[in-house]
Amino acid sequence: MAPAPAPPRAGGCSLPVGTAVRLHGLKTVARLNGQAGVCVGWDEASGRVHVKLPDGEVKAFKPSNLWKVQSQSKVESAQVERVKSLFRKYDTNGDGVIDQTEFKRFMQALGLQPSCLGEFMRHVDRDGDGAIQYEEFVDWVLSDDPLTIPSEKKEGDAAESEEQPSVTLPANSFNSVADTVDDSDSDDDARQEAKDLTTDEVAELCGGLPYGWPENGIKIVNNMRRRFPDFPVQRIVAIMKQQGYHGGNVIQGIRRAGAQEVQVMPPSVVTCGRSGRKAFPALYQVRPRDPNLNIYEQSARDFSFHNLRLGRLEPVGSIKSGERFRIIEVRRDNEYGFCFGRVYFGTIPERYHWVNLGKELKLSRSLMGTDLQFTGAERLDPA
């Protein structure tokens, strides 16, 4: 029997057989929310993951109703523990990755020039998503010579072994015994997601903001809420204050409190199109019959791509219908598939500005110029 084409995904995380998950967002069977389970099958036809519950019953759920539980790491060597501590030191916002700004601070602490940032990022960031995952960081730091960038491979060199793909779930393996949970078939799955909070909402929940509240405080709160969905906001804020508002240390503090952690994936960077060539910067146009495209500043107090998409931020400008503009980079949300473009706006290049491009259009591969087209913007440069 042929395997399913690929494991399903929840929140950008793959769900191979044996994955521990938690149920959430169910409506008519809300009593199941919060229950743990294990993925045992994948029915491609219905788009359902078959999950074995604690009582032994197998039910079929939509991937959007599953959180992938973060497995607790086993005892590791003192060397790896030191690397973990180093990673947390530079993961200042607690999103579980080191972005380019944080990695730049790390390089400066090592006495390296900022001009080397691009080369080192390409070397360390193996999957090319524009951020350094924990596993990438450990592999790099524990390599023979982490401060040496390997030379480019020449034609004829032996190819490196590819990373083993995720274990695929057996298609339809439990189709006859899995009861389908019908209430998660709604097209309006966005209503099931937990919204990002604003600074004012956090202040109301906590009776005010604690002393020393930093500019990126709301980002740390929302990162913790995604990672520890059952942990109260008030306790998150209390631990933030205890840990000096350092995201990586806040994660450790919440773990020590015994909170259950789910796996999350930050938006990934779109680097190239189907041709394999570098895709951005590139020229785009707001579709002539579409409304203006609002522009949002990343340094805004409550900025997050989630809040941007839901229209909870105040725009600082707009791009008119039919107007051409240049996109510097694109980030894709791994859970809902929305894309966000960084654009030129204003006179200070250090201030980043973003627009909601909508979803990528899945047009025929046979059509020229159809790559990296979005519902909110038309690409004019070849991809």
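For reference, positions follow the sequence shown, starting with 1. Here the structure is a predicted model, which means the values were calculated and not measured.
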Participant: Can you check whether Asn292's main-chain N or O pairs, donor with acceptor, with Ser321's side chain at less than 3.5 Å?
Facilitator: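 No: the side chain of Ser321 does not pair with the backbone of Asn292.
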Participant: If we only count heavy atoms from C-beta on, is the Gln252 to His246 side-chain gap below 4.5 Å?
Facilitator: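 SC-SC contact between Gln252 and His246 ruled out.
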Participant: Main chain of Thr199, side chain of Asp302: is a donor-acceptor contact present, judged purely on distance under 3.5 Å?
Facilitator: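 Here the side-chain-to-backbone pair exists.
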Participant: Supply the atom-to-atom distance Arg324 CZ to Leu380 CG, rounded to the nearest 0.5 angstrom.
Facilitator: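 One finds 5.0 Å between CZ of Arg324 and CG of Leu380.
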Participant: Any side-chain heavy-atom pair from Ile254 and Gln243 closer than 4.5 angstrom?
Facilitator: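 The answer is no; the side chains never approach within 4.5 Å.
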Participant: Counting only heavy atoms from other residues, nucleotides and ligands, does the tally under 6.0 Å from CD of Glu314 exceed 12?
Facilitator: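 Counting other residues, nucleotides and ligands, CD of Glu314 stays at 12 neighbours or fewer.
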Participant: Any non-hydrogen side-chain atom of Val17 less than 4.5 Å from a side-chain atom of Trp42?
Facilitator: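 No. Closest side-chain heavy atoms not under 4.5 Å.
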Participant: Looking at side-chain heavy atoms only, is the closest gap between Leu23 and Val29 below 4.5 Å?
Facilitator: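 A side-chain contact under 4.5 Å is absent here.
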Participant: Does any part of the side chain of Met240, heavy atoms only, come nearer than 4.5 Å to the side chain of Ile236, both counted from C-beta?
Facilitator: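 Yes, close enough: below the 4.5 Å cut-off.
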Participant: In terms of heavy-atom contacts, does CD of Gln234 have more than 12 from other residues, nucleotides or ligands at under 6.0 Å?
Facilitator: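 Check passes, neighbour count above 12.
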Participant: What's the separation between atom CZ in Phe345 and atom CZ in Phe325, rounded to the nearest 0.5 Å?
Facilitator: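 Spacing of CZ (Phe345) from CZ (Phe325) equals 13.0 Å.
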Participant: Does Phe280 have Arg379 sitting over its ring (NZ/CZ under 6.0 Å from centre, angle to axis within 45°)?
Facilitator: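 Checked: cation-pi criterion met.
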Participant: Strictly distance-based, threshold 3.5 Å: is any side-chain N or O of Arg287 a donor or acceptor partner for the main-chain N or O of Ala377?
Facilitator: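 Pair found, side chain donor or acceptor close to backbone of Ala377.
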Participant: Is it true that a side-chain atom of Asn222 and a backbone atom of Leu197 form a donor plus acceptor pair closer than 3.5 Å?
Facilitator: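 Yes: the side chain of Asn222 pairs with the backbone of Leu197.
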Participant: State whether the side chain of Asn307 and the backbone N or O of Phe303 hold a donor-acceptor pair below 3.5 Å, judged by distance alone.
Facilitator: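 No, the answer is negative, given that no donor and acceptor are paired below the 3.5 Å cut-off.
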Participant: Starting at CD of Glu378, measure out to CD of Gln285 and round the result to the nearest 0.5 Å.
Facilitator: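 The CD atom of Glu378 sits 5.5 Å away from the CD atom of Gln285.
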Participant: Tell me the closest heavy-atom pair linking Ser318 and Asn294, and the distance in Å.
Facilitator: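 In this case the closest contact between Ser318 and Asn294 is CB-OD1, 3.8 Å.
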Participant: Should Leu293 and Tyr284 count as side-chain neighbours, where that means a heavy-atom distance under 4.5 Å?
Facilitator: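 The answer is no, as the side chains (C-beta and beyond) never meet within the 4.5 Å cut-off.
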Participant: Distance check, rounded to the nearest 0.5 Å: Tyr296 atom OH versus His353 atom NE2?
Facilitator: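 Interatomic distance, Tyr296 OH to His353 NE2, rounded to 0.5 Å: 12.5 Å.
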Participant: Can you measure from CG (Asn356) to CD1 (Ile295) and round to the nearest 0.5 angstrom?
Facilitator: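 Reported to 0.5 Å precision, the distance equals 12.5 Å.
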Participant: Supply the members, apart from Ile328, of the Ile/Leu/Val/Met/Phe/Trp/Tyr cluster built from side-chain contacts under 4.5 Å; use none for a lone residue.
Facilitator: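 Members besides Ile328, by chain and number: Tyr344.
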Participant: Quick one: which of Asn65, Asp230, Asn33 gives a side-chain hydrogen bond (donor to acceptor under 3.5 Å, both in side chains) with Arg22?
Facilitator: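 Only one option passes, and that is Asp230.
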Participant: Determine, using the 4.5 Å side-chain heavy-atom cutoff (strictly less than), whether Phe231 and Met224 are members of one ILVMFWY cluster.
Facilitator: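 Linked, Phe231 and Met224 end up in one cluster.
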Participant: Rounded to the nearest 0.5 Å, what's the gap from CZ on Arg351 to CD on Gln298? Could you check?
Facilitator: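 Atom-to-atom, Arg351:CZ and Gln298:CD are 12.0 Å apart.
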Participant: Anything under 30° is parallel, anything over 60° is perpendicular, the rest tilted; go ahead and classify Trp354 against Phe305.
Facilitator: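 Correct class here is perpendicular.
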Participant: Could you check whether any side-chain heavy atom of Arg225 comes within less than 4.5 Å of a side-chain heavy atom of Val221, counting everything from C-beta outward?
Facilitator: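 Touching, per the 4.5 Å side-chain cut-off.
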Participant: Run the side chain to side chain donor-acceptor pair (under 3.5 Å) test on Asp196 and Ser304 for me, step by step, so that the C-alpha distance in whole Å, both residues' side-chain angles and the decisive distance to 0.1 Å come before the verdict.
Facilitator: CA-CA 8 Å; Asp196 280 3; Ser304 70; 2.8 Å; yes
Participant: May I ask you to decide if Leu32's main-chain N or O and Gln35's side chain share a donor-acceptor pair within less than 3.5 Å?
Facilitator: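 A pair under 3.5 Å: no.
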